[in-house]
Amino acid sequence: MSEESLNNSNISLAALKAGDRAEFARLVDATSNHIYRLALKILRDPQDAEDVLQESYIKAMRALPEFEGRSSLSTWLYRIAVNEALMLLRKRRVNLVPVEEDPDEDDLQAGMVLTDWCCLPEDELLSAESRQRLEQAVDALPETLRVVFMLRDMEGLSIRETAGMLGLTETAVKTRLLRARLRLRNQLSVYFGERLTENSSE
Amino acid sequence: MTDICNCKGLVSSISEYIDGELPPELCAELEKHMSECENCTIVVNTLRKTIDLYKQPTPDNPLPDEIKSRLYARLHLEDYMNK
């Protein structure tokens, strides 16, 4: 994640707090790709993602004097961005807290693909095409699952933090995470199953 | 190739199992079951692999130029835009 690029860029918090514009530009340079991609993944709309990108930095600029450094600068900034994205989702009236939340075992197991593709070579698993399939599978997740997946698995928030940001119970977060992961696994299993069949017929 | 996994009750635990967050007694129960059930072993292994794959760092594509220009303009940072 961009955490590393930000650490490597040696951005000075003191300079940022003092209103150093060149330093703020360096912060934007080191983090804007990540924020845009994150917002795009959550919102799936380029215009909305761009709005989130701009608003996040405007909020960050205003909030910098109060930033106490309890989390890393990038974590703090990405949370601002996530909050902005969630606010837009709510404006779109996406109901992030549906009424019924019980894990339905039958539903979880329905159509589970049982291909063992772990033996495929790494270059096949990590090919550009397989990455693209995975991206498409993430995009195809329903909003309620995708948001949980993005926060917990891609942004590395804890179950508790994810629950807090989304106004969900921890149990609901765990259930949605499981559902999201199983859907992605299934999509990949279909794809890699095809690769296995092709390989064996070659 | 496609079949329904019939191991009710355990599917809901596998995500937490992979994250190492399952209570020890459930963990032992799941592992015992997996030693006897090939299907569940495949699901757990491929799920673990799936998580590995999407957590692989991918280089963020550069921000499209026009989006970058509008961002720097909105933040009044045009003077610092290096490209």
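In what follows, every heavy atom counts, from backbone to side chain, and hydrogens, waters and symmetry copies are set aside. Order of the sequence lines fixes the chain letters, A, B, ..., with proteins taken first and strands second; residue numbering starts at 1 for each chain.
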Next item on the list: Could you tell me which portion of B/K55 (side chain, backbone, both or neither) has an atom closer than 4.5 angstrom to a non-hydrogen atom of chain A?
Entry: side chain
Note to self: Only pairs of heavy atoms separated by less than 4.5 Å count here; which of B/H76, B/R48, B/E38 has the most with chain A?
What the structure shows: B/H76
Check: Would A/E198 and A/R195 pass as an ion pair if we require N to O under 4.0 Å?
Finding: yes
Notebook entry, point to check: Between A/E122 and chain B, which part of the residue has a heavy atom less than 4.5 Å away: side chain, backbone, both or neither?
Noted result: side chain
Margin query: Can you tell whether the side chains of B/K68 and A/D29 come within less than 4.0 Å, N to carboxylate O?
Written below: yes
Next item on the list: Could you tell me whether the side chains of A/S72 and A/S74 share a donor-acceptor contact shorter than 3.5 Å?
Entry: yes
Next item on the list: Go through the atoms of B/L53 and report whether side chain, backbone, both or neither lie under 4.5 Å from a heavy atom of chain A.
Entry: both
Next item on the list: Let me know if A/L125 has heavy atoms under 4.5 Å from chain B in its side chain, its backbone, both or neither.
Entry: both
Note to self: Taking side chain as everything from C-beta outward and backbone as N, CA, C, O, which of these in A/L184 sits under 4.5 Å from a heavy atom of chain B? Side chain, backbone, both or neither.
What the structure shows: both
Item checked: For chain B, which residues of residues 49-61 of chain A have heavy atoms nearer than 4.5 angstrom -> A/E50, A/L53, A/Q54, A/E55, A/Y57, A/I58, A/M61
Check: Is the closest basic N to carboxylate O distance between A/R79 and A/E161 below 4.0 Å?
Finding: yes
Next item on the list: Provide the closest heavy-atom pair for A/L86 versus A/M165 in the form atom of the first, atom of the second, distance.
Entry: CD1-O, 3.7 Å
Check: Most heavy-atom pairs under 4.5 angstrom with chain A, which of B/L75, B/I18, B/N45?
Finding: B/L75
Margin query: To check you understand the geometry: which heavy-atom pair defines the closest contact between B/E78 and B/A73, and what is its length?
Written below: OE2-CA, 3.5 Å
Notebook entry, point to check: Highest number of heavy-atom pairs under 4.5 Å with chain A: which of B/D19, B/D52, B/T46, B/L77?
Noted result: B/T46
Notebook entry, point to check: Taking only residues two or more places apart in sequence, or in another chain, which ones meet A/K41 in a salt bridge (Lys or Arg N to Asp or Glu O under 4.0 Å)?
Noted result: A/E135, A/D139
Margin query: Whether the side chain of A/D116 engages the backbone of B/I42 through a donor-acceptor N/O pair (distance < 3.5 Å, no angle test) should be reported.
Written below: no
Note to self: Can you tell me which of A/F149, A/F24, A/F192 forms the most heavy-atom pairs within a distance under 4.5 Å of chain B?
What the structure shows: A/F149
Check: Have A/T162 and A/R152 got a donor and an acceptor in their side chains that come within less than 3.5 Å?
Finding: no
Notebook entry, point to check: Is A/L13 close to A/L64 at the side-chain level, that is, under 4.5 Å between some pair of heavy atoms?
Noted result: yes
